[in-house]
Amino acid sequence: NAGVTQTPKFQVLKTGQSMTLQCAQDMNHNSMYWYRQDPGMGLRLIYYSASEGTTDKGEVPNGYNVSRLNKREFSLRLESAAPSQTSVYFCASRRQGGGNTIYFGEGSWLTVV
Amino acid sequence: GENVEQHPSTLSVQEGDSAVIKCTYSDSASNYFPWYKQELGKRPQLIIDIRSNVGEKKDQRIAVTLNKTAKHFSLHITETQPEDSAVYFCAASIGDTGTASKLTFGTGTRLQVTL
């Protein structure tokens, strides 16, 4: 049972390049989330998915797209990376009906130059 | 939407002393309040949580109190140890309604426990 797994762990992009952050969970959780973490700003929600086939915007969705491929996988795509998207990205998941505990992946460190 | 404020942003205590971190929230419908600990370079990990039907919860050296009327909740760490040094985040969300519950986080408190 690996929990929430994110790839890649580290990535450097040039401005304008695109990339996809992958996330998978093996806990049979319904809800999945993408957060970004910047110094002094806590964790801010980018997008979330309540269940397979549904996605919704969070607090800071601009510049990102997501796909809930199936119950296990929830990917985050940067179509045209900008330096302002340099951040640490955390994927998370939560089991519906069993309380509100959210479990985080190990994080993806993204630098846009 | 929900807004969570957290204070202080940094806190330095001597080993053995107590540490208190305070948070306020804006949405009176919020009813779930977790606390996460994040060590340098690691993921946030849940250390304790409280729901709105209780006023206090303890787990060994850690306790959380909730005042729903005033819309604030606090984390108390007693007998602090060097391994308590980390960044602590409070969060708030509306409870399990059958849809995705979105956690709104505070901006974090960097706790340093000195020898």
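Quick caveat, the model's predicted, so the values are computed rather than measured. We use all heavy atoms of the structure for the numbers below, so side chains are in, but hydrogens, waters and symmetry mates are not. Reminder, nothing fancy here: chain letters follow the sequence lines and each chain counts from 1.
To the nearest 0.5 Å, atoms OH (B:Y32) and OG1 (A:T101) are separated by 3.5 Å. Atom CG of B:N3 sits about 8.5 Å away from atom CD of A:E59, to the nearest 0.5 Å. Separating the OH atom in A:Y48 from the CG atom in B:L103 is a distance of 12.5 Å, to the nearest 0.5 Å. Interatomic distance, B:F105 CZ to A:Q37 CD, rounded to the nearest 0.5 Å: 9.0 Å.
For a residue to count as touching a neighbouring chain, one of its non-hydrogen atoms must lie under 4.5 Å from one of that chain's; by this rule A:L45 touches chain B with the side chain only. Of the two parts of A:F104, the backbone and the side chain both hold a non-hydrogen atom closer than 4.5 Å to a non-hydrogen atom of chain B. Contacts between A:V4 and chain B at a heavy-atom distance below 4.5 Å involve the backbone alone (N, CA, C, O).
Around atom OH of A:Y103, no more than 12 heavy atoms belonging to other residues, nucleotides or ligands sit under 6.0 Å away. With a 6.0 Å radius and a threshold of 12 heavy atoms from other residues, nucleotides or ligands, B:E15 has its CD atom above the threshold. Heavy atoms of other residues, nucleotides or ligands lying less than 6.0 angstrom from CD of B:E83 number more than 12. Remark: B:K22 NZ is loosely packed, at most 12 non-hydrogen atoms of other residues, nucleotides or ligands lying under 6.0 Å away. Around the CD atom of A:E73, the shell of radius 6.0 Å holds more than 12 heavy atoms that belong to other residues, nucleotides or ligands.
Under the 4.5 Å side-chain heavy-atom criterion for ILVMFWY residues, a single connected hydrophobic cluster contains both B:L46 and A:Y35. Connection of A:V60 to A:M32 is established within a shared hydrophobic cluster, with ILVMFWY side chains joined at heavy-atom distances below 4.5 Å, either directly or through further cluster members.
Comparing B:R43, B:R110, B:K42, B:Q38 by how many heavy-atom pairs each has under 4.5 Å with chain A, the most go to B:R43. Interface summary for chain A: among B:G108, B:P44, B:A91, B:P34, the most heavy-atom pairs under 4.5 angstrom belong to B:P44.
Looking only at side-chain heavy atoms (C-beta outward), B:Y36 and A:I102 come within less than 4.5 Å of each other.
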